[in-house]
Amino acid sequence: MKGQIRELIATALTALRDAGTLTQVPDIDAIHVERARQAEHGDFASNIALVCAKTARMPPRELAAQLIDCLPPSVLLDRVELAGPGFLNFFVTKQALYSVIDEIRNAGAAYGRSNDGHGRRVLVEFVSANPTGPLHVGHGRGAAYGDALVRVLRAAGFAADSEYYVNDAGRQMDILALSVWLRYLELCGVAIDFPDNAYRGDYIRDIAAKLFKLQQQRLVRAEIDLTRNSGDDPDRHLDDLIEHTRSVLGAEHYLVLFTLTRDELVADIRSDLHEFGVDYDRWFFESELVESRAINGVIDSLLQSQHVYESEDALWFRSSAFGDEKDRVVRRANGNFTYFASDIAYQHNKVQRGYDTMINIWGADHHGYVARVKGSMAALGNKPDDLTILFVQFAVLYRSGEKVAMSTRSGEFVTLRELRSEVGGDAARFFYALRKPEQHMDFDLDLAKSQSNDNPVYYVQYAHARICSVFRQLTEKDIDTGWQHQTDYTLLSADHEIELLRALSRFPEVTAAAAAAYEPHQVAYYLRSLANDFHTYYNAHPFLASTPELRDARLALIDATRCVIRNGLWLLGVAAPEAM
RNA sequence: GCGCCCGUAGCUCAGUCGGAUAGAGCACCAGAUUCCUAAUCUGGGGGCCGCAGGUUCGAAUCCUGCCGGGCGCGCCA
């Protein structure tokens with residue numbers, strides 16, 4: 001509807017230009033049409049006359065009046081009023097509102113979709129947590145946001161793919177493998193001294209148990225020496241232990257240990273996210289970039305173009321030339337590439353795969369990386385503007401009014417699994433979806449758990465279940481109805497019904513706006529508002545106890561409402577239960 | 001110190017490229033069910049949109065400076 005009104009205005013503007021009243025006409029996309037906030041302002045309002053008044057050298061109200069005269073006739077509009085300093089207020093006909101019911105009925109699951117994206121290819125990368133342990137509630141926020149964004153983008157006509165980047169090639173993975181091996185040795189009866197800075201979580205013991213089950217004592221070595229003192233540097237001590245592990249196990253068995261550790265952790269993350277309703281199109285492993293020598297490739301290329309130089313035995317990317325505070329190391333003096341080097345290769349890989357737009361969803365602690373990553377794109381001849389980096393602020397957890405300290409290494413955190421089992425996946429996803437990502441978030445665990453019935457997701461789901469219940473009654477009471485074939489929508493004249501119809505007609509605008517702004521939370525707020533319109537209607541009017549004609553019209557209306565709620569919840573990855 | 005994010009009702013948060021009288025949930029108070037699910041609905045109180053300037057027909061929204069909170073500034077990952 002909004003688009004149609006925009007076209008009507010464009011036609012009127014063109015007519016005024018042809019008549020010589022206007023010298024220039026704004027682009028159709030620049031014509032601002034919005035939903036009126038108040039009923040007396042009609043359904044839609046436009047400030048076009050206020051915007052164009054200056055260039056037209058004409059008082060806004062006079063221009064607005066001429067625009068109204070030039071508007072082509074339309075079945076959509078009942079009347080157009082001139083208001084305030086020069087607003088155009090559009091009043092939509094009831095007939096146009098009624099047609100929304102058939103529109104929804106015909107489109108079904110496709111209602112709310114658009115082709116704004118014109119099939120442009122978008123890659124959304126999110127979560128991408130290092131596979132060093134279970135996901136925690138912070139990752140859950142990124143997952144809920146990223147997945148909803150992908151769904152919303154697809155609904156708006158973008159060819160959106162989702163991807164998880166797995167850092168499986170660095171030192172942390174070796175520390176992880178070491179941690180598993182040490183726990184495994186414990187199971188084998190070998191006395192060890194577990195380092196404080198290795199991974200201490202219980203999940204390490206689980207993987208060790210699996211390793212023991214598969215390998216029995218095969219990864220125990222007589223020459224193990226874990227008592228060696230590497231001095232006061234705990235990091236150095238870990239590195240020595242890793243080196244020792246490699247050497248006593250040999251390459252083949254180290255690979256067994258390493259691969260099992262990685263695969264177990266990745267599988268755990270994958271199933272965790274799957275149960276959260278998040279399934280990726282691709283899991284991209286950093287090790288692929290190592291094995292294909294893609295990292296060497298981009299660094300060599302940057303060396304040739306002088307964007308990378310050598311200093312103090314290390315290789316540095318000249319990111320200061322691209323607005324970064326300082327240059328960054330891509331290959332350490334010890335010959336190992338940094339994670340940043342992998343990131344350069346990974347980002348380049350995305351570009352080569354032909355994406356028009358790339359969206360990275362990062363934790364807020366990574367904002368310092370923007371300049372160097374965008375700089376590396378520019379240095380490789382790619383367009384930095386094709387990459388949009390969105391930040392998800394941390395969810396600060398509170399339990400019993402106290403901040404919950406979180407540390408992956410120490411194993412002290414609330415996992416996404418715990419959250420899901422305690423408040424439910426639907427509630428968790430909706431809870432996350434209600435907040436825009438850059439907003440700081442206080443996540444009160446006690447509130448989320450103890451008052452889970454207050455979570456608005458139930459409010460929306462209940463509306464859906466209530467509608468389903470009405471239709472069950474229809475069957476149970478064996479009511480003879482032809483609502484699916486013959487309905488006289490003009491009987492829907494109550495204020496509540498008109499309000500509900502208006503709300504339903506708004507859904508396509510909501511999905512389009514949510515996609516354009518990368519803000520799926522708009523869908524969540526819309527759903528709550530729609531559910532409110534429905535519940536109000538439900539309480540005010542009986543559906544089944546009316547005359548057959550009115551009953552059938554109302555059934556058509558709430559069936560359409562059910563469809564929109566279902567479509568909207570789907571965009572957020574939340575179920576639409578038929579009974580509660 | 002520098003950079004990024006945020007500051008709206010008691011609490012948690014919306015507020016659509018600047019638009020007309022700033023909204024919702026929770027909490028609080030008062031009500032609604034012989035009828036389709038009361039996980040619902042109706043009504044009420046509650047605001048210096050952090051502060052101060054600026055931009056213009058118009059600012060919660062844009063700009064500048066302060067104040068307050070979060071995060072980041074490694075040859076870590």
Side-chain angles (χ1 to χ4, degrees), chain A residues 2 29-30 32-38 40-41 45-47 50-51 53-54 59-60 83-87 89 130 132 167 170-173 175 235 311-316 325-326 328-334 336 338-340 342 363-371 391 393-394 396 408 434-444 447 451-459 461-463 465-474 476-477 509-510 512-514 516-517 519 521-522 524-525 528-529 531-532 534-546 551 554 558 579-580:
Chain A
K2 190 188 260 187
D29 293 328
H32 190 51
V33 175
E34 63 178 17
R35 286 275 171 173
R37 288 195 172 91
Q38 287 141 332
E40 54 270 35
H41 296 155
S46 179
N47 63 352
L50 291 160
V51 174
K54 187 167 283 183
F87 289 105
N89 289 336
N130 287 354
T132 53
N167 284 116
R171 176 171 175 265
Q172 291 303 317
M173 286 302 296
I175 298 174
D235 277 328
S311 173
E312 298 169 50
D313 297 328
L315 290 182
W316 300 71
E325 300 165 14
K326 49 177 285 192
R328 308 289 175 176
V329 172
V330 290
R331 199 181 72 194
R332 291 189 282 268
N334 65 12
N336 292 333
T338 60
Y339 268 60
F340 176 46
S342 301
D365 54 335
H366 284 68
H367 68 247
Y369 293 166
V370 174
F391 293 97
Q393 292 292 327
F394 290 132
V396 181
T408 308
L434 278 171
R435 277 138 181 88
K436 50 182 183 182
E438 70 268 26
Q439 181 70 244
H440 294 278
M441 178 177 182
D442 288 339
F443 201 123
D444 188 328
L447 190 74
Q451 303 192 356
S452 60
N453 272 0
D454 290 333
N455 192 311
V457 71
Y458 298 112
Y459 184 78
Q461 288 183 319
Y462 183 52
R466 259 184 157 178
I467 297 172
C468 292
S469 176
V470 171
F471 283 96
R472 274 196 299 276
Q473 290 285 320
L474 208 58
E476 284 168 20
K477 293 179 177 170
E509 296 159 30
V510 172
E519 291 182 347
H521 76 273
Q522 291 190 28
Y525 279 89
R528 191 160 68 179
S529 165
N532 180 41
F534 169 74
H535 285 308
T536 303
Y537 178 40
Y538 182 98
N539 276 278
H541 302 279
F543 304 146
L544 299 178
S546 341
R551 176 199 64 207
R554 286 176 170 171
I558 66 171
M580 288 174 71

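Convention: sequence-line order gives letters A, B, ...; per-chain numbering from 1. Heavy-atom basis, side chains included; hydrogens, waters and symmetry copies ignored.
Between the CE atom in A:M580 and the CD atom in A:Q461 there is a gap of 5.0 Å [rounded to 0.5 Å]. Rounding to the nearest 0.5 angstrom, the gap separating the OG1 atom in A:T132 from the CE atom in A:M173 is 8.5 Å. Between the CD1 atom in A:I175 and the CG atom in A:D235 there is a gap of 7.0 Å [rounded to 0.5 Å]. For the atom pair A:R472 CZ and A:I467 CD1, the distance stands at 11.5 Å (nearest 0.5 Å). With rounding to the nearest 0.5 angstrom, the CD atom of A:Q522 is 9.5 Å from the NZ atom of A:K436.
Summarising the geometry, the separation between NE2 on A:H32 and P on B:rA20 is reported as 10 Å, rounded to the nearest angstrom. As rounded to whole Å, 16 Å separates atom C1' of B:rG15 from atom CD of A:E509. The nearest whole Å value for the distance from the CZ atom in A:R328 to the C1' atom in B:rG72 is 11 Å. Protein atom CG of A:N47 is 18 Å distant from nucleotide atom P of B:rU61, rounded to whole Å. To the nearest angstrom, P of B:rU42 lies 15 Å from OH of A:Y538.
Among the heavy atoms of the strands lying under 4.0 Å from A:E40 is at least one base atom, whether or not backbone atoms are also near. Counting non-hydrogen atoms under 4.0 angstrom, A:A579 reaches a base of the nucleic acid. Using a 4.0 Å heavy-atom cutoff across all strands shown, A:T338 reaches no nucleic acid atom at all. Residue contacts for A:A83: at a heavy-atom cut-off of 4.0 Å it reaches a base atom on one of the strands shown. A:N532 comes within 4.0 angstrom of sugar-phosphate atoms only, judged by non-hydrogen atoms across all strands, and of no base. Using a 4.0 Å heavy-atom cutoff across all strands shown, A:A45 reaches at least one base atom of the nucleic acid. When heavy atoms are screened at a 4.0 angstrom cut-off, A:A516 is found touching no nucleic acid atom at all. Nucleic acid contact class of A:Q522 (heavy atoms, under 4.0 Å, all strands): none. A:L474 comes within 4.0 angstrom of no nucleic acid atom, judged by non-hydrogen atoms across all strands. Among the atoms of the strands shown, only primed sugar atoms or phosphate atoms (P, OP1, OP2) are found under 4.0 Å from some heavy atom of A:H535. Residue contacts for A:R331: at a heavy-atom cut-off of 4.0 Å it reaches no nucleic acid atom on any strand shown. Within the nucleic acid shown, A:Q461 has no heavy atom closer than 4.0 Å to any nucleic acid atom.
Atom C1' of B:rC17 sits at a distance of 26 Å from the matching atom of B:rG53, rounded to the whole Å. For the C1' atoms, the distance from B:rG45 to B:rG50 is 25 Å, rounded to whole Å. Across B:rA9 and B:rA52, the matching P atoms stand 16 Å from one another, rounded to whole Å. Here the separation of B:rG23 from B:rA60, taken at their P atoms, is 13 Å to the nearest Å. Rounded to whole Å, the separation between the P atoms of B:rC66 and B:rC13 comes to 27 Å. The same atom, C1', is picked in B:rG69 and in B:rC63; the two are 23 Å apart, to the nearest Å. For the P atoms, the distance from B:rU21 to B:rA59 is 11 Å, rounded to whole Å. Spacing of P atoms, B:rG3 relative to B:rU64, comes out at 12 Å, to the nearest Å.
Looking at the side chain of A:F543, the nearest of the listed nucleotides B:rC36, B:rC75, B:rC71 is B:rC36. Checked against B:rC75, B:rA77, B:rC17, the side chain of A:Y339 finds its nearest nucleotide in B:rA77. Taking every side-chain heavy atom of A:L544 into account, B:rC36 is the closest of B:rA20, B:rA77, B:rC36. The side chain of A:H521 lies closest to B:rA14, out of B:rG19, B:rA14, B:rA39. Here the nucleotide nearest the side chain of A:R37, chosen from B:rG19, B:rA77, B:rC75, is B:rG19. For A:Q473, counting side-chain heavy atoms from C-beta on, the closest listed nucleotide (B:rC36, B:rA14, B:rA20) is B:rC36.
Here A:R466 pairs with nothing under the salt bridge (Lys or Arg N to Asp or Glu O under 4.0 Å) rule; sequence neighbours left out. Evaluation of the side-chain contact (heavy atoms from CB on, under 4.5 Å) rule for A:N47 yields A:H32, A:L50, A:V51, A:F87 as partners, not counting sequence neighbours. Residues passing the salt bridge (Lys or Arg N to Asp or Glu O under 4.0 Å) test with A:R435: none are found, sequence neighbours excluded.
Using a 4.0 Å cut-off, some side-chain N or O of A:R466 falls inside it from OP1 or OP2 of B:rA38. Residue A:K326 has no polar side-chain atom (N or O) positioned under 4.0 Å from OP1 or OP2 of B:rC2. When the side-chain nitrogen and oxygen atoms of A:R171 are compared with OP1 and OP2 of B:rG74, none of them lie within a distance under 4.0 Å.
At distances below 3.5 Å, not a single donor-acceptor pair connects side-chain atoms of A:S469 with backbone N or O atoms of A:A465. For A:R554 (side chain) and A:P542 (main-chain N/O), a donor-acceptor pair under 3.5 Å exists by modelled atom type. Looking only at distances, no side-chain donor or acceptor of A:N532 sits under 3.5 Å from a matching main-chain atom of A:R528. A donor-acceptor pair is defined here as one N or O able to donate and one able to accept, closer than 3.5 Å; such a pair exists between the side chain of A:H535 and the backbone of A:Y459. In this structure, the side chain of A:H367 engages the main chain of A:A364 through a donor-acceptor pair within 3.5 Å.
Donor-acceptor pairing under 3.5 Å, judged by distance alone, is present between the side chain of A:Y369 and the base of B:rC76. Judged by distance alone, with hydrogens and angles left aside, A:D365 brings no side-chain donor or acceptor close enough to the base of B:rG72 to form a pair under 3.5 Å. Between the side chain of A:N89 and the base of B:rA20 there is at least one donor-acceptor pair of N/O atoms closer than 3.5 Å.
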Original post:
How does protein contact run along nucleotides 3-13 of chain B, one letter per nucleotide 5' to 3', with B for base contact, S for sugar-phosphate only, - for none, heavy atoms under 4.0 Å?
Top reply: BBBS-----SS
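Residues A:Y537 and A:F543 form a side-chain contact, since some pair of their non-hydrogen atoms from C-beta on lies under 4.5 Å apart. Looking at A:V510 and A:Y525, their side chains never come closer than 4.5 Å, going by heavy atoms from C-beta outward. A:Y538 places none of its side-chain heavy atoms less than 4.5 Å from the side chain of A:I558.
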Original post:
Under a 3.5 Å cutoff on both atom distances, Watson-Crick or G-U, what's the dot-bracket for RNA chain B ([ ] crossing, | other strand)?
Top reply: (((((((..((((.....[...)))).(((((.......))))).....(((((..]....))))))))))))....
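Map A:N130 and A:F471 each onto its nearest nucleotide of RNA chain B; the residue landing nearer the 5' end is A:F471. Along RNA chain B, the nucleotide nearest to A:A540 and the one nearest to A:A513 differ in position, and the one closer to the 5' end is contacted by A:A513.
The ring of A:H366 does not lie on top of the base of B:rG72; it is either too far (5.5 Å or more) or too tilted (30° or more). Residue-nucleotide stacking is present for A:F87 and B:rA20, judged by a side-chain ring centre under 5.5 Å from the six-membered base ring centre and planes under 30° apart.
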Just the atom pairs and distances: protein N or O near nucleotides 33-35 of chain B's N or O, under 3.5 Å.
none

